[in-house]
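One structure is given here, and the rest of the page talks about it.
The model shown is predicted, which means the values in this text are computed figures rather than measured ones.
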Amino acid sequence: MDLQNLQTFCTVISEGSMTAAASKLSITQPAVSQQIRQLEKYFGVKLLSRNARKVKSTVQGQIFYETSNRILNLLQNAKNSIKAISLNLEGEKINVSTVNSIGLHLVSPVVANFLKLNNNMKLSLIYGTGESIIQRMQKDELDLVIMPDIRKEYGRDFPYFQKSLLFKDTLHFVGSGKDQNLPKSMSFKDIKQMRLIQVENNYLVFQNLFQKEMKKRGLNFEISFQCDNIGTVKRAIESGLGCGFLPAHSIHKQLRLGRLRVIEIEDFEYFMNVYFYLKPNEKKNRIIEILKLLILQQAQTLS
């Protein structure tokens, strides 16, 4: 068994078919089938169940898939870290800014490890609201910004920043994992039955859409508690104070540990794209590209 087999197996699962995996990996479909057979022979069990349209993992295959993903992510992190060590960062300073939730879950772990490997580097990591970050961008104070789509969420545009997708996110309606009476799903109008907790001054387009939906349906929801810090809102929901909408990337751990649970809203949903915004700078770009790779890898571990 080699790393190529692991990569091929994970790609088959993520793409849903051997043909699609072959196309993505730029190899033939028989080569994909052969690698899967090698893995199944190695473990002595079936890893995939096949039908005419799609392949799915068996129970054993799912265990192997999750483990393989972790191995591949760790190796990619090691590769990116090794690249970072080879950089000459003496005297360079990088200014990075993002909103609180993205910073805590995606950026801080990466920055801590990156600085351990590059103790000559100066890095400023600034958390703020969307508006405060935009003001810094206007003043030309930032090298790398990680934000939900600035044009969509804030109606602003920064053409001199290069924009690239980090991940797609959604806002989940969640309640305390301790509350066994919470339904698995409900309609939008049923939200009125819940005590509502809200993240303030974030995701403005979502909040405007939520208000429009209320007016359209003739509803009036009262907010029991609101705060501009997602961590505080999350702890309030965990404690059973109420329910609210939180970005998926910020609740991965709480869902896995059963401290929060998602309540599906059958007739309302909101998705958003989170982007890197990079100010071109020939001297700093190599450093920032490594940071981007590490942050992207961290995001993939939470998907």
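Here the side chain of D169 pairs a donor or acceptor atom with the backbone of A248 at under 3.5 angstrom. The backbone N or O of A236 lies less than 3.5 Å from a partner atom in the side chain of S239, making a donor-acceptor pair. A donor-acceptor pair under 3.5 Å links the side-chain atoms of K234 to the main chain of S250, judged by distance alone. S108 places a side-chain N or O within donor-acceptor distance of the main-chain N or O of G103, the cut-off being under 3.5 Å. Side chain of S33 to backbone of Q29: a donor-acceptor contact under 3.5 angstrom is found. Between the S14 side chain and the T11 main chain, a donor and an acceptor come within less than 3.5 Å of each other. Listed for the S49 side chain is a donor-acceptor partner under 3.5 Å among the backbone atoms of K56.
Using a 4.5 Å heavy-atom cutoff, the side chains of S101 and V199 are not in contact. For the pair L48/F9, a side-chain contact is recorded, criterion being any heavy-atom separation below 4.5 Å from C-beta on. Looking at heavy atoms from C-beta onward, L165 lies in side-chain contact with Y275 at the 4.5 angstrom threshold. Counting heavy atoms from C-beta on, the side chains of Y42 and N5 never come closer than 4.5 Å. F173 places none of its side-chain heavy atoms less than 4.5 Å from the side chain of F188. Considering only heavy atoms from C-beta on, I237 comes within 4.5 Å of L246 through its side chain. Between Q138 and F158 there is a side-chain heavy-atom pair separated by less than 4.5 Å. The side-chain heavy atoms of D267 and R217, taken from C-beta on, include a pair separated by under 4.5 Å.
Residues R37 and E40 are not paired through a salt bridge, judged by the lack of any N-O separation under 4.0 Å between the basic side chain and the carboxylate. A salt bridge links K279 with D140: the closest approach of a Lys/Arg side-chain nitrogen to an acidic carboxylate oxygen falls below 4.0 angstrom. We find that D143 and K93 are not joined by a salt bridge, their nearest charged nitrogen and carboxylate oxygen being 4.0 Å or further apart.
Proximity of the aromatic rings of F245 and Y270 is defined here by a centroid distance below 6.0 angstrom, and this criterion is not met.
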One pair to check against side-chain contact (heavy atoms from CB on, under 4.5 Å): I150 and F161. What are the steps and the verdict?
CA-CA 11 Å; I150 292 175; F161 275 79; over 6 Å; no
Run the numbers on M272 and V205 for side-chain contact (heavy atoms from CB on, under 4.5 Å), then give the verdict.
CA-CA 10 Å; M272 61 186 173; V205 172; over 6 Å; no
Under the criterion side-chain contact (heavy atoms from CB on, under 4.5 Å), I'd like the reasoning laid out for K192 against M214: C-alpha separation, chi angles, the key distance, then a yes or no.
CA-CA 10 Å; K192 189 175 177 63; M214 285 196 302; over 6 Å; no
Start with the C-alpha gap between L125 and V107, add the side-chain angles, then the distance that decides, and say whether side-chain contact (heavy atoms from CB on, under 4.5 Å) holds.
CA-CA 9 Å; L125 177 58; V107 184; 3.7 Å; yes
Report the C-alpha distance between Q62 and E66 in whole Å, list the side-chain angles of each, state the deciding distance to 0.1 Å, and finish with yes or no for side chain to side chain donor-acceptor pair (under 3.5 Å).
CA-CA 6 Å; Q62 185 62 32; E66 292 172 0; 3.2 Å; yes
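The environment of K189 atom NZ is sparse: at most 12 non-hydrogen atoms of other residues, nucleotides or ligands sit within 6.0 angstrom. For K46, the NZ atom counts as loosely surrounded, since its 6.0 Å shell holds 12 or fewer non-hydrogen atoms of other residues, nucleotides or ligands. Within 6.0 Å of CD on E222 lie no more than 12 heavy atoms contributed by other residues, nucleotides or ligands.
Of all the heavy atoms in R259 and K253, the pair that sits closest is NH1-CE, 4.1 Å. Between I133 and S97, the closest heavy-atom pair is CG1-OG, 3.3 Å. Here the closest heavy-atom approach between residue Y127 and residue L104 is recorded as OH-N, 3.5 Å. Across all their heavy atoms, R136 and L142 have their closest contact at CB-CD1, 3.6 Å. Residue A21 comes nearest to E15 through the heavy atom pair N-CB, 4.1 Å, listed as atom of the first residue, atom of the second, then distance. The nearest pair of heavy atoms linking I27 to T8 is CD1-OG1, 4.4 Å.
Taken to the nearest 0.5 Å, the CD atom of Q162 stands 5.0 Å off from the CG atom of L278. Put simply, CZ on R195 and CD1 on I197 are 7.0 Å apart, with the number rounded to the nearest 0.5 Å. Taking CZ from R261 and CD from E238, the interatomic distance works out to 13.0 Å, rounded to the nearest 0.5 Å. Distance check: T58 OG1 to Q60 CD gives 4.5 Å after rounding to the nearest 0.5 Å. For the atom pair R235 CZ and L241 CG, the distance stands at 13.0 Å (nearest 0.5 Å). How far CE of M194 is from CE of M186: 3.0 Å, rounded to the nearest 0.5 Å.
By the rule that hydrophobic residues join a cluster once side-chain heavy atoms approach within less than 4.5 Å of another member, Y203 and L209 end up as members of one cluster. Cluster membership check: F271 does not share its hydrophobic cluster with L106, using side-chain heavy-atom separations under 4.5 Å among Ile, Leu, Val, Met, Phe, Trp and Tyr. Residues I230 and L204 do not share a hydrophobic cluster, clusters being chains of Ile/Leu/Val/Met/Phe/Trp/Tyr side chains in contact below 4.5 Å. Residue I251 is not grouped with residue L166 when hydrophobic side chains (ILVMFWY) are merged at heavy-atom distances under 4.5 angstrom, including chains of intermediate members. Hydrophobic clustering of Ile, Leu, Val, Met, Phe, Trp and Tyr side chains at less than 4.5 Å, counting indirect connections, unites I13 with V45.
Looking at D179 and S176, their side chains never bring a donor and an acceptor atom within 3.5 Å of each other. Using a 3.5 Å distance cut-off with no hydrogens or angles, the side chains of Q211 and Q207 do not pair a donor with an acceptor. Judged by distance alone, the side chains of E264 and S185 never bring a donor and an acceptor atom under 3.5 Å apart.
Ring geometry for H249 versus F167: interplanar angle over 60°, hence perpendicular rather than tilted (30 to 60°). Using the six-membered ring where Trp is involved, F206 and F268 have ring planes that are tilted, between 30° and 60° apart.
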